[in-house]
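These notes concern the structure reproduced below.
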Amino acid sequence: LQEFQVGVDEKHQRITYPMRDLLGNLVGISGRAMHADQEPRYKVYDKEYRAWELPEYDTNKGLCLWNAHNVYAATKTSVTDDWVVIVEGFKAAMWLKQAGVKYVVALMTASMSWAQRWMLSRMGRRFIVMLDNNEAGLKGTINVTRELAKLTLDVRVVEYEEDQPSDVPREDVLEVVRNATPYNLMLLD
């Protein structure tokens, strides 16, 4: 939690996640509901900044890639040969990192914007996609892998049984990531 600077907004009952640009500058804050019946489940803060006496931000999460600043900093001297794993959400990114995945970023949705694709192109040439196992995640996996295949031939997809990456037992995470299916082989099915 400290490494990712996760916090708690007690007033609005949300777990907070800082959103940063590639250089690590704070460009927004996202809050996840602490209670199951709280809507919206995820919210990018805007008006709340005034209560904290901060300038208002107009944050577009499609222009951010969560944890990209850490991956970019580690790879900016040269494009890495290591895999960059792409997940949907904050919790999945943190879970994979805790399980030993070196480079992981979150789209903050099941789709990828042009800006996120551009950022990824600056970080690596080998990508593994591990989105959620629901309808949106499965559709997103198809679209994200197609877009990444335009950047490189080395794109893989993790196939797993659980609903979300954070549901995969910690001791199994590295194995399921290592066993990701090459995108070009999936096209043959």
Donor-acceptor pair, [X] side chain versus [Y] backbone, under 3.5 Å?
{"X": "Lys61", "Y": "Val44", "value": "no"}
{"X": "Glu88", "Y": "Ala106", "value": "no"}
{"X": "Ser30", "Y": "Tyr17", "value": "no"}
{"X": "Arg117", "Y": "Met112", "value": "no"}
{"X": "Lys97", "Y": "Tyr103", "value": "no"}

Compare every heavy atom of [Y] with every heavy atom of [X], then report the nearest pair and how far apart it is.
{"X": "Leu22", "Y": "Tyr72", "result": "O-CD2, 3.5 Å"}
{"X": "Met130", "Y": "Val168", "result": "CE-CG2, 4.0 Å"}
{"X": "Gln38", "Y": "Gln13", "result": "OE1-O, 3.1 Å"}
{"X": "Ala110", "Y": "Val144", "result": "O-CG2, 4.4 Å"}
{"X": "Ala68", "Y": "Met123", "result": "CB-CE, 3.6 Å"}
{"X": "Arg125", "Y": "Ser121", "result": "NH1-O, 2.8 Å"}

[X] versus [Y]: any side-chain heavy-atom pair under 4.5 Å?
{"X": "Tyr183", "Y": "Leu148", "result": "no"}
{"X": "Asp163", "Y": "Asn134", "result": "no"}
{"X": "Val155", "Y": "Pro182", "result": "no"}
{"X": "Leu65", "Y": "Leu107", "result": "yes"}
{"X": "Thr16", "Y": "Val8", "result": "no"}
{"X": "Ile142", "Y": "Lys139", "result": "no"}
{"X": "Asn70", "Y": "Arg20", "result": "no"}
{"X": "Trp95", "Y": "Gln164", "result": "no"}

With hydrophobic residues grouped by side-chain heavy-atom distances under 4.5 Å, do [X] and [Y] end up in a single group?
{"X": "Val105", "Y": "Leu63", "value": "no"}
{"X": "Met34", "Y": "Leu1", "value": "yes"}
{"X": "Leu138", "Y": "Val176", "value": "no"}

Please say which of Asn143, Thr141, Val158 ends up in a side-chain contact (heavy atoms from CB on, under 4.5 Å) with Leu131.
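For Leu131, the side-chain contact (heavy atoms from CB on, under 4.5 Å) test succeeds with only one of Asn143, Thr141, Val158, which is Thr141.
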
Candidates Val101, Val177, Val104, Asp154 - the one meeting side-chain contact (heavy atoms from CB on, under 4.5 Å) with Trp83:
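Single pass found, and it is Asp154.
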
Aromatic plane relationship, Trp66 with Phe90 - under 30° parallel, 30 to 60° tilted, over 60° perpendicular
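Geometry flag for Trp66 against Phe90: perpendicular rings.
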
Give a yes or no on this: more than 12 heavy atoms of other residues, nucleotides or ligands lie within 6.0 Å of atom [atom1] of [X].
{"X": "Glu162", "atom1": "CD", "value": "yes"}
{"X": "Glu135", "atom1": "CD", "value": "no"}
{"X": "Lys91", "atom1": "NZ", "value": "no"}

Is there a donor-acceptor contact under 3.5 Å linking the side chains of Tyr160 and Asp172?
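No - no donor-acceptor pair under 3.5 Å links their side chains.
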
Are Glu175 and Arg178 close enough, and set up right, to give a salt bridge (Lys or Arg N to Asp or Glu O under 4.0 Å), and what steps lead you there?
CA-CA 5 Å; Glu175 182 179 344; Arg178 285 186 192 120; over 6 Å; no

